[in-house]
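Structure record follows, encoded as structure tokens.
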Amino acid sequence: MIQRQIKYTNTIINNTEEVSVETIGMADYKLADGYENISFMYRGSNIEIKYGKQSVVLRNGRSKLMFKKDAIMENKYDVPYGTLTIQTKIERYEVTDNTMTLEYSLMQNDEIISRAVLNIEYLVS
């Protein structure tokens, strides 16, 4: 495992409200079994992102979201007031040597409840 400097941005759009978070800092990084794995702290919570050619797994504390290209994935998502069953769908997914961009929809009962754009940029190789 090595340390890499990253810029992490995540924008969530719910109806007309848009909330963005951004941080620049050091992350633990490793490449294993064809997946890039990064983890870092943000506001006291450990964020882990594992991604490969066809899939992405996002963890934020106890919550976990799974994504697979060309598929709707069912997830159990922990929130402060309980566990929600939500579906995830990749709208756009791009990986380069220095970036990973994931645009996705969160759905309940086949209806979109929010959209998000997550971006990881490696600032130093």
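Placement of V57 and L118 in two distinct hydrophobic clusters is found when ILVMFWY residues are connected by side-chain heavy-atom separations under 4.5 Å, directly or transitively. Under the 4.5 Å side-chain heavy-atom criterion for grouping Ile, Leu, Val, Met, Phe, Trp and Tyr, V19 is not connected to Y42 through any hydrophobic cluster. M26 and I49 fall into different hydrophobic clusters, where Ile, Leu, Val, Met, Phe, Trp and Tyr are joined by side-chain heavy atoms under 4.5 Å apart, directly or via other members. Neither M1 nor I47 shares a network with the other; the hydrophobic side chains, linked directly or stepwise wherever heavy atoms of I, L, V, M, F, W or Y lie under 4.5 Å apart, form separate groups for each. Connection of I120 to I2 is established within a shared hydrophobic cluster, with ILVMFWY side chains joined at heavy-atom distances below 4.5 Å, either directly or through further cluster members.
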| request: Dump the intermediate steps for side-chain contact (heavy atoms from CB on, under 4.5 Å) on T23 and F40, then the final yes or no. | output: CA-CA 10 Å; T23 188; F40 58 96; 4.3 Å; yes
| request: Would you check, one step at a time, whether the test side-chain contact (heavy atoms from CB on, under 4.5 Å) holds for E18 with T11? | output: CA-CA 7 Å; E18 184 173 306; T11 302; 3.5 Å; yes
| task | Report the C-alpha separation of E36 and V95 in whole Å, then their side-chain angles, then the decisive distance to 0.1 Å, and conclude whether the side-chain contact (heavy atoms from CB on, under 4.5 Å) test is met. | result | CA-CA 10 Å; E36 296 190 56; V95 177; 4.3 Å; yes
| Does the pair I90 and E103 meet the rule for a side-chain contact (heavy atoms from CB on, under 4.5 Å), with working shown? | CA-CA 6 Å; I90 293 175; E103 290 184 25; over 6 Å; no
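Taking each heavy atom of G61 and S45 in turn, the nearest pair found is N-OG, 3.6 Å. Closest heavy-atom contact between Y122 and I38: OH-CG2, 3.3 Å. Looking at every heavy atom in both residues, Y35 comes nearest to G52 through CD2-N, 3.5 Å.
Partner of T88 under the side-chain contact (heavy atoms from CB on, under 4.5 Å) criterion, chosen from L102, I72, L65: L65.
Salt bridge status for E94 with R92: present, with a side-chain N to carboxylate O gap under 4.0 Å.
One finds the CG atom of N98 at 13.5 Å from the NZ atom of K7 (value rounded to the nearest 0.5 Å). With rounding to the nearest 0.5 Å, the separation of CD1 in I86 from OG in S105 is 11.0 Å. Rounded to the nearest 0.5 angstrom, I24 CD1 and I6 CD1 are separated by 9.5 Å. Between atom CD of residue E121 and atom CZ of residue R4 there is a gap of 11.0 Å, rounded to the nearest 0.5 Å. Interatomic distance, I12 CD1 to R115 CZ, rounded to the nearest 0.5 Å: 13.5 Å. Here the CG-CG distance, from N10 to L58, works out to 8.0 Å after rounding to the nearest 0.5 Å.
Here salt bridge (charged side-chain N to carboxylate O under 4.0 Å, His left out) pairs that include residues 55-79, with residues two or more places apart or in two chains, are R62-D78.
Residues meeting the ring pair (Phe, Tyr, Trp, His ring centres under 6.0 Å) test with Y104, sequence neighbours left out: F67. In this view, Y51 satisfies the ring pair (Phe, Tyr, Trp, His ring centres under 6.0 Å) rule with no residue, not counting sequence neighbours.
When side chains are defined from C-beta on, M100 counts as touching Y93, because their heavy atoms get closer than 4.5 Å.
A donor atom on one side chain and an acceptor atom on the other are not found under 3.5 Å apart for Q87 and N75.
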